[in-house]
4 protein chains.
Amino acid sequence: MTAPLHGLVPPLTTPLTPAGDVDADSLERLCGFLITAGVDGLFVGGSSGEAALLSDDQRYRAVEVAVAAAAGQVPVLAGALDTGTARVIDHAREAAKRGASAVVSTGPFYVAPHPDEVVRHFELVAAAVDVPVVAYDIPSATHTHLPVDAVARLASAGTIAGLKDSSGDLTSFRRILAATGGTGFRVFTGSETVTDLALRLGADGQVPGLGNVDPDGYVRLGRAAAEGDWAAAATEQERLLRVFAIVDVADRTRIGFTAGALGAFKAAQYLRGVITTPRCADPLLPLVDAEIDAIRTILVDEGVDVRR
Amino acid sequence: MTAPLHGLVPPLTTPLTPAGDVDADSLERLCGFLITAGVDGLFVGGSSGEAALLSDDQRYRAVEVAVAAAAGQVPVLAGALDTGTARVIDHAREAAKRGASAVVSTGPFYVAPHPDEVVRHFELVAAAVDVPVVAYDIPSATHTHLPVDAVARLASAGTIAGLKDSSGDLTSFRRILAATGGTGFRVFTGSETVTDLALRLGADGQVPGLGNVDPDGYVRLGRAAAEGDWAAAATEQERLLRVFAIVDVADRTRIGFTAGALGAFKAAQYLRGVITTPRCADPLLPLVDAEIDAIRTILVDEGVDVRR
Amino acid sequence: MTAPLHGLVPPLTTPLTPAGDVDADSLERLCGFLITAGVDGLFVGGSSGEAALLSDDQRYRAVEVAVAAAAGQVPVLAGALDTGTARVIDHAREAAKRGASAVVSTGPFYVAPHPDEVVRHFELVAAAVDVPVVAYDIPSATHTHLPVDAVARLASAGTIAGLKDSSGDLTSFRRILAATGGTGFRVFTGSETVTDLALRLGADGQVPGLGNVDPDGYVRLGRAAAEGDWAAAATEQERLLRVFAIVDVADRTRIGFTAGALGAFKAAQYLRGVITTPRCADPLLPLVDAEIDAIRTILVDEGVDVRR
Amino acid sequence: MTAPLHGLVPPLTTPLTPAGDVDADSLERLCGFLITAGVDGLFVGGSSGEAALLSDDQRYRAVEVAVAAAAGQVPVLAGALDTGTARVIDHAREAAKRGASAVVSTGPFYVAPHPDEVVRHFELVAAAVDVPVVAYDIPSATHTHLPVDAVARLASAGTIAGLKDSSGDLTSFRRILAATGGTGFRVFTGSETVTDLALRLGADGQVPGLGNVDPDGYVRLGRAAAEGDWAAAATEQERLLRVFAIVDVADRTRIGFTAGALGAFKAAQYLRGVITTPRCADPLLPLVDAEIDAIRTILVDEGVDVRR
């Protein structure tokens with residue numbers, strides 16, 4: 001399992017039909033689009049996949065489609081994120097059953113856990129499934145930052161195989177790398193905007209939501225980093241930072257932050273001809289046409305190929 | 001359905017066996033204990049019920065047991081709280097199928113919704129089930145305060161039948177009462193500690209977690225309020241405030257806030273002979289014996305009958 | 001000094017000239033307006049007085065003007081709020097020198113203090129001045145809620161003479177009243193909107209910012225409470241809650257929360273003919289005419305006499 | 001003024017006597033210690049200087065001592081941080097009068113400003129003094145993150161000369177660099193732990209609190225960066241990250257976060273023989289001997305020379 005956990009693993013959106021069902025054709029196209037671009041894995045059912053807004057059936061369907069589309073070319077990681085241990089275990093088992101190579105879990109949320117309870121959560125999840133478990137730190141969603149010590153303990157015990165760090169905190173990222181270096185533990189950044197810095201610090205890979213939209217950019221960034229050409233990596237990163245402005249296009253007095261960001265990813269995938277419908281899951285509200293036009297302009301300005 | 005939504009409706013803990021399964025016997029005893037004390041309804045699968053930490057099967061089992069135990073004597077409200085609309089609808093349907101009289105849903109969390117997206121969430125949930133939907137405002141868990149305007153719009157449209165307000169914010173509570181007065185919309189306080197004030201403001205009922213532990217106290221408080229004897233209500237409330245000190249007994253450098261609070265409720269129910277095992281759901285850590293002893297002391301000091 | 005600390009003590013705005021200096025004439029008129037309405041004290045240099053935005057000279061000038069205007073008819077409390085102990089002591093001494101009857105201090109902010117450091121802060125402040133010290137809990141500004149235990153310790157040691165609680169948390173308010181009852185410690189609510197409830201709980205007085213605008217309303221509320229006519233108190237409070245809507249009139253995409261709220265108080269005082277200029281201290285931006293018109297409409301609708 | 005604003009500018013602690021006065025001898029030694037180590041400037045009266053806890057006289061005394069000690073060898077920047085514009089202007093003028101080369105101001109705090117009010121604040125401060133104004137972004141203290149757009153507007157208008165960014169957010173840091181590059185605007189990182197990354201992104205300099213304790217380390221880091229030897233910079237940074245563990249030594253159930261961090265800096269300076277007394281300003285509580293011993297151990301382990 002060491003092999004899968006490295007490199008560029010975009011967290012896929014979950015394309016939906018106008019009626020709100022999983023759009024298997026679009027998801028399949030998205031998988032192909034990403035694999036063709038050269039990604040090293042697919043992560044379905046994460047925050048970018050709107051996992052929190054999908055039914056269990058929709059989540060599992062997305063795993064099935066991605067596993068089939070990947071067809072063994074790259075590993076498929078499946079989000080098992082949920083409020084508590086029991087539910088995470090249920091998701092993890094269902095994902096493993098459908099062929100996921102690894103599962104990705106946040107710590108508990110809604111409740112306010114102690115670090116030792118977070119550790120226990122991952123111990124129980126890891127004991128319940130045969131696939132590797134990757135911890136997911138996303139305090140903007142869970143409102144709890146996974147403590148460095150807890151991650152280090154879980155890593156050194158071999159309980160978790162890796163971490164996706166979407167905290168934006170490169171100090172704790174650095175501490176985790178220092179605490180786990182040389183153990184085979186895989187540390188991924190979830191950042192879109194300081195990915196090059198995370199790779200420079202020694203990250204094993206990147207899981208940028210914007211990788212859904214511009215995988216070529218992140219492939220180039222990753223290759224430059226692998227070659228130690230940090231100037232090229234930075235130049236690419238700066239271009240991607242400008243592309244990332246699409247998440248701020250939506251009028252936040254009208255729709256929420258999540259709708260604005262994930263709606264922008266889907267709008268861009270739609271404009272690029274990858275998915276058929278840019279809608280997000282209920283109850284998120286849609287972007288308006290002027291916002292989608294503004295996204296098109298950003299993409300075009302930054303050299304991202306659009307079809308619509 | 002107007003009838004059920006009034007008075008004292010404690011949010012039940014979900015008693016578990018030592019192995020972590022729903023302890024149906026204990027839950028049945030708890031229902032009986034509460035009904036005998038004179039409550040007006042039972043709310044299963046809320047925050048106090050550790051819904052966020054239970055599997056779907058455990059949640060639904062709790063509804064079944066409570067509906068059977070209530071046997072029509074009082075209505076059973078079921079928590080359908082979850083991160084997104086699709087999942088809330090699934091829970092709501094399963095609960096309704098099992099005989100719940102109403103379902104209780106938070107707004108979306110994990111995601112960051114706009115007020116209009118919160119409104120849309122409740123519209124979709126309400127349209128999907130035949131039972132009344134009660135909105136649940138608990139920003140300490142969801143990290144979003146339901147906006148007064150959104151609640152007022154949903155109330156005036158008849159989309160939601162009521163609100164459980166656990167925000168601790170009596171100003172917004174007052175505004176909601178002012179905005180919905182005379183419409184049949186039912187406003188409940190989720191407070192343990194300013195329940196008398198909420199009733200004085202015109203609340204239709206109370207949903208205090210501590211009602212699990214000392215239902216007699218809240219019954220007395222509610223009766224005093226109904227008779228307009230606010231001095232007696234305040235005296236009872238002040239006693240209950242002292243009982244509520246049990247949630248602060250646990251050492252928070254060792255276990256989390258939720259474990260400390262819900263563990264205290266369960267420890268008290270155990271000490272009172274109502275449930276068999278005081279354990280919480282994974283991954284919450286247990287209270288230690290000295291903490292349980294301290295809880296016993298508080299209960300005894302405040303005249304709460306204990307058996308163990 | 002027991003006498004001063006009771007009843008209605010509005011936290012005065014600090015009227016400014018168009019050039020931004022303290023407008024002594026307007027402040028004098030404001031003092032007279034409030035005393036005529038029947039207030040029991042004046043609190044200058046608090047949050048409503050924009051103390052955080054005034055120079056030291058402006059602060060002290062406001063104290064001088066208020067002390068002169070009060071002319072012994074009612075006590076004048078002076079805000080000594082600042083980031084740290086040394087500066088609070090400096091403010092407190094200057095205020096006492098100018099005739100303030102008591103000084104009001106937050107705990108330290110900008111820094112992140114431990115409760116024991118908060119206690120030490122008040123001990124040092126109290127030891128440094130001869131006038132009584134009132135603690136001020138306003139977590140929306142200081143980002144630290146004064147712990148109940150710390151307040152209780154300070155009260156029982158006689159270090160502080162009272163508390164102004166602007167936390168909006170009636171549970172901690174109740175706990176403080178329970179912990180300090182019968183000791184002569186004076187507990188004030190800083191709420192505009194649940195003042196009646198705080199009085200019902202046993203508060204010694206009220207310090208509502210809106211008391212600047214509609215002192216008659218709060219005088220009536222206080223009298224009704226003193227007579228035990230809680231229905232009348234609630235009716236008045238509900239009217240004042242509608243008046244308080246003036247703080248939400250400003251467009252928050254254009255100016256900040258503080259500018260919107262304090263600007264509304266000053267606009268209302270201007271419309272009532274009490275102060276000459278509605279401007280706030282730098283760098284707060286002004287309300288626009290349409291917003292001031294909307295405030296006038298609210299005032300008129302709620303029976304508040306306007307002159308402009 | 002371009003000259004001063006570059007390179008390593010440690011934010012000095014303010015050494016105090018046992019009685020709590022500014023310890024001019026220790027501060028003078030500290031200035032000498034830092035200049036000898038090769039720093040490019042001194043920043044007095046910042047957060048590390050406990051400015052929020054000092055009296056005005058203490059603040060200004062610290063500026064005087066530092067200006068005298070620097071004796072023109074390096075520029076002295078002076079903190080003018082305070083809650084509002086008027087007070088910041090007063091501090092800025094006093095500092096300029098005493099020879100400060102530039103002044104450093106946060107945006108307003110205690111109040112909740114709109115970005116346009118933040119802009120106006122800096123415009124007014126800059127107009128009031130003849131020395132350059134550096135903006136200071138420290139949301140952990142002020143609870144408001146300076147918006148990128150506001151900084152960019154102020155930079156492009158030439159209102160502010162630079163930024164000290166202690167937000168820990170390298171994405172906004174990158175955006176600010178992108179928005180201001182080539183204009184002469186100086187961007188400093190306030191980080192202790194990702195300083196190398198900030199320099200790699202193009203920062204003009206570093207203002208690390210830990211630079212008080214181990215200036216040699218940050219000098220080496222800065223030189224390695226200037227030579228483009230990023231591996232050496234990272235190695236030094238990783239060592240400094242281990243030294244930075246001193247701020248986590250204190251028991252946070254006993255003293256506050258600020259006391260633990262600044263107390264550790266002062267304890268280390270004391271152990272190194274630079275300052276005479278490790279006490280912090282009131283009301284911060286002191287470290288205990290065992291904590292100071294633990295700090296000594298960390299320093300020794302990481303090759304930092306100690307004398308006591």
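Lettering of chains follows the sequences in order, A, B, ..., and the numbering in each one begins at 1.
Both the backbone and the side chain of A234(B) come within less than 4.5 Å of a heavy atom in chain C. Only the side chain of Q237(B) has a heavy atom closer than 4.5 Å to any heavy atom of chain C. With a 4.5 angstrom heavy-atom cutoff, A198(C) does not touch chain B via any of its atoms. Of the atoms belonging to R242(B), not a single heavy atom falls under 4.5 Å from chain C.
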Would you please test L170(B) and T193(C) for side chain to side chain contact (heavy atoms under 4.5 Å, CB included) and show each step?
-> CA-CA 8 Å; L170(B) 284 171; T193(C) 53; over 6 Å; no
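The two atoms that bring R174(B) and V194(C) nearest to each other are NH1-CA, 3.8 Å, heavy atoms only.
Inter-residue side-chain proximity for T171(C) and L241(B) is flagged as met; some heavy-atom pair is nearer than 4.5 Å.
To the nearest 0.5 Å, atoms CG (D196(C)) and CG (L201(B)) are separated by 7.0 Å.
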